[in-house]
S.K.: 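Before I ask anything, here is the structure I am working with.
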Amino acid sequence: MRLTLLSRGPVWLEPVAPEVAVRALRALARGAGIMIVTPDTALRGLGCIPLVAPRHEAMIDLRPDPAAIRAGFGGKWRNRLVRAEGEGISVRQSVPDAAHLAGLLTKEAEQQQRLCYRALPPSFTSGWLSADPEGAILYEARKRDRTIATMLVLLHRPGANYHIGWSGGEGRRLNAHQFLLWHVIRDLRLQGYRMLDLGDVNEKAAPGLARFKIGSGATVTPLGATMLVLPALTRPRS
């Protein structure tokens, strides 16, 4: 049996009415086997069967002036950033090569085991870069010529996604992730990106990460429920 997964779609050039989106999904489901969809916004209608309650994503709007973005940071988050800015941390950015990517994925696997959370498999990241070798930027926070924290950002204009973050003991002590994220925000904004998706906000499973994302001033936005889409019984008229 064929299984088709459509995550965060469909994507439209222009906004459409929910009923139009549902009709399009049911048309796509013809010949798709079992079709599971997680739309960006809530959709409901005939042929859409909810399976999993909506997730919530932390989204940073990159269009305002940097001063306005910084003013939206939580008080404790901003204070940690100010302290990090006085620690002499530098940032190095690059398109990750195979060696850098392998090292980061190894650290991420160890971090998942230590902190008891799950994420997309390493093959997703490798596949993303195989499809678009310049579709990601690796940001490294460095102190005394050593990497103390890293952040991998996936690019898909006009948006970008915070994909993997790692921090060693010194990086955590020096608040390197606040420093890195602020650098990422300004860098992407200058390149014309409009939105940075920090990913899922789950205060029960990962309270510390949720606090970090919310403290950055991100807007917590619900997605649509993950649902089974039944195929349309008739083809739409042309």
Side-chain angles (χ1 to χ4, degrees), residues 2-64 68-69 72 74 117-120 124 127-128 131-132 135-136 153-164 181 184-185 188-189 191-206 209-237:
R2 183 179 178 187
L3 173 65
T4 300
L5 174 65
L6 181 60
S7 182
R8 307 293 297 274
V11 177
W12 305 92
L13 294 177
E14 299 291 340
V16 300
E19 59 269 20
V20 174
V22 169
R23 287 200 300 269
L25 286 173
R26 296 197 67 194
L28 285 173
R30 294 178 62 92
I34 298 174
M35 185 167 173
I36 307 296
V37 177
T38 303
D40 252 350
T41 56
L43 293 177
R44 63 182 65 184
L46 185 65
C48 297
I49 303 174
L51 301 175
V52 181
R55 289 175 33 167
H56 289 73
E57 298 280 305
M59 311 288 289
I60 296 180
D61 187 351
L62 301 175
R63 292 170 294 183
I69 295 176
Y117 71 93
R118 297 177 63 185
L120 288 167
F124 176 89
W128 182 282
D132 182 3
V153 177
L154 303 184
L155 307 174
H156 46 85
R157 286 187 183 274
N161 273 67
Y162 169 98
H163 182 52
I164 294 175
L181 184 58
V184 169
I185 288 170
L188 293 178
R189 183 183 178 278
Q191 294 181 48
Y193 287 88
R194 294 186 295 182
M195 187 68 68
L196 175 61
D197 186 342
L198 299 184
D200 184 39
V201 175
N202 190 328
E203 295 187 76
K204 290 184 178 180
L209 185 56
R211 286 193 298 271
F212 173 80
K213 293 176 180 180
I214 294 171
S216 72
T219 300
V220 179
T221 305
L223 304 179
T226 298
M227 57 190 183
L228 171 67
V229 177
L230 302 179
L233 299 179
T234 58
R235 295 185 182 278
R237 294 180 180 179

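From a predicted model like this one, the values you see are computed outputs, not experimental measurements. Throughout, numbering of the chain's residues begins at 1 and tracks the sequence.
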S.K.: Quick one: list whatever passes side chain to side chain donor-acceptor pair (under 3.5 Å) with R194, sequence neighbours left out.
M.R.: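 Here no residue qualifies.
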S.K.: Residues in salt bridge (Lys or Arg N to Asp or Glu O under 4.0 Å) with R63, at least two apart?
M.R.: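 R63 satisfies salt bridge (Lys or Arg N to Asp or Glu O under 4.0 Å) with D61 once adjacent residues are dropped.
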S.K.: A160 and V153: which non-hydrogen atoms are nearest, and at how many Å?
M.R.: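 Heavy atoms of A160 and V153 come nearest at CB-CG1, 3.9 Å.
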S.K.: Could you measure the distance from the CG atom of L209 to the CG atom of D200? Nearest 0.5 Å is fine.
M.R.: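 Separation between the atoms: 8.5 Å.
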S.K.: Decide if atom CD of E203 counts as having more than 12 heavy atoms of other residues, nucleotides or ligands within a radius under 6.0 Å.
M.R.: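 Check fails, neighbour count at 12 or below.
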S.K.: Once rounded to the nearest 0.5 Å, what's the spacing between atom CD1 of I69 and atom CG of L62?
M.R.: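 It comes to 5.5 Å.
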S.K.: Which distance, rounded to the nearest 0.5 Å, do you find between the OG1 of T221 and the CG of D40?
M.R.: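 If we round to the nearest 0.5 Å, T221:OG1 and D40:CG are 9.5 Å apart.
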S.K.: For R8, does the CZ atom have more than 12 heavy-atom neighbours from other residues, nucleotides or ligands under 6.0 Å away?
M.R.: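 Above 12, so yes.
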S.K.: Whether the T38 and S7 side chains hold a donor-acceptor pair (N or O, under 3.5 Å, no angle test) is what I'd like checked.
M.R.: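 No donor-acceptor contact under 3.5 Å links the two side chains.
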S.K.: Might you point out which heavy atoms bring A225 and P50 nearest each other, and give the distance in Å?
M.R.: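 Closest approach of A225 to P50, heavy atoms only: CB-CB, 4.4 Å.
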S.K.: Are the side chains of V52 and M227 in contact, using a 4.5 Å heavy-atom criterion?
M.R.: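 No, their side chains stay 4.5 Å or more apart.
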S.K.: Determine, stepwise, if the pair L154 / F124 fulfils side chain to side chain contact (heavy atoms under 4.5 Å, CB included).
M.R.: CA-CA 11 Å; L154 303 184; F124 176 89; 3.9 Å; yes
S.K.: Are any side-chain N or O atoms of W128 and backbone N or O atoms of G135, one a donor and one an acceptor, separated by less than 3.5 Å?
M.R.: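 Side chain of W128 to backbone of G135, a donor-acceptor pair under 3.5 Å: yes, one is there.
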S.K.: Measure across R157 and Q191 and return the closest heavy-atom pair with its distance rounded to 0.1 Å.
M.R.: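 That would be NH1-O, 2.8 Å.
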S.K.: Measuring only between side-chain heavy atoms, which start at C-beta, is Y162 closer than 4.5 Å to V184?
M.R.: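 When only atoms from C-beta onward are counted, V184 and Y162 do not touch, as no gap falls below 4.5 Å.
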S.K.: Compare all side-chain heavy atoms of S216 with those of L198 and state whether any distance is below 4.5 angstrom.
M.R.: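 Contact flag for S216/L198 side chains = yes.
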S.K.: Tell me, please, which residues at least two apart from H156 pass side chain to side chain donor-acceptor pair (under 3.5 Å).
M.R.: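 So H156 forms a side chain to side chain donor-acceptor pair (under 3.5 Å) with N161.
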S.K.: Which atom pair, heavy atoms only, marks the closest approach of A21 to W12?
M.R.: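 Smallest interatomic distance, heavy atoms only, reads CA-CZ2, 3.8 Å.
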S.K.: Is any side-chain heavy atom of H56 closer than 4.5 Å to a side-chain heavy atom of N202?
M.R.: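 The answer is no, as the side chains (C-beta and beyond) never meet within the 4.5 Å cut-off.
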S.K.: Quick one: do T4 and I34 satisfy side chain to side chain contact (heavy atoms under 4.5 Å, CB included)? Show the steps, please.
M.R.: CA-CA 6 Å; T4 300; I34 298 174; over 6 Å; no
S.K.: Starting at CZ of R23, measure out to CG of L28 and round the result to the nearest 0.5 Å.
M.R.: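 Taking CZ in R23 and CG in L28, the distance rounds to 13.0 Å.
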S.K.: Check step by step if side chain to side chain contact (heavy atoms under 4.5 Å, CB included) holds for E57 and L223.
M.R.: CA-CA 7 Å; E57 298 280 305; L223 304 179; 3.7 Å; yes
S.K.: Can you find a pair of side-chain heavy atoms, one from M35 and one from L6, that are under 4.5 Å apart?
M.R.: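 SC-SC contact between M35 and L6 confirmed.
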S.K.: How many angstroms lie between atom CG of L230 and atom CG of L25, to the nearest 0.5 angstrom?
M.R.: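 Going from the CG atom of L230 to the CG atom of L25 covers 11.5 Å.
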S.K.: Does V229 reach the side chain of R26, with side-chain heavy atoms less than 4.5 Å apart?
M.R.: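 Sidechains of R26 and V229: in contact.
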S.K.: Between K213 and A58 (side chain of the first, backbone of the second, donor and acceptor by atom type, cut-off under 3.5 Å), is there such a pair?
M.R.: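 Side chain of K213 to backbone of A58: no pair is present.
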S.K.: Rounded to the nearest 0.5 Å, what separation is found between the CD1 atom of I60 and the CG atom of L196?
M.R.: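 The CD1 atom of I60 sits 5.0 Å away from the CG atom of L196.
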S.K.: Can you list the steps and then say if T226 with R55 is a side chain to side chain contact (heavy atoms under 4.5 Å, CB included)?
M.R.: CA-CA 9 Å; T226 298; R55 289 175 33 167; over 6 Å; no
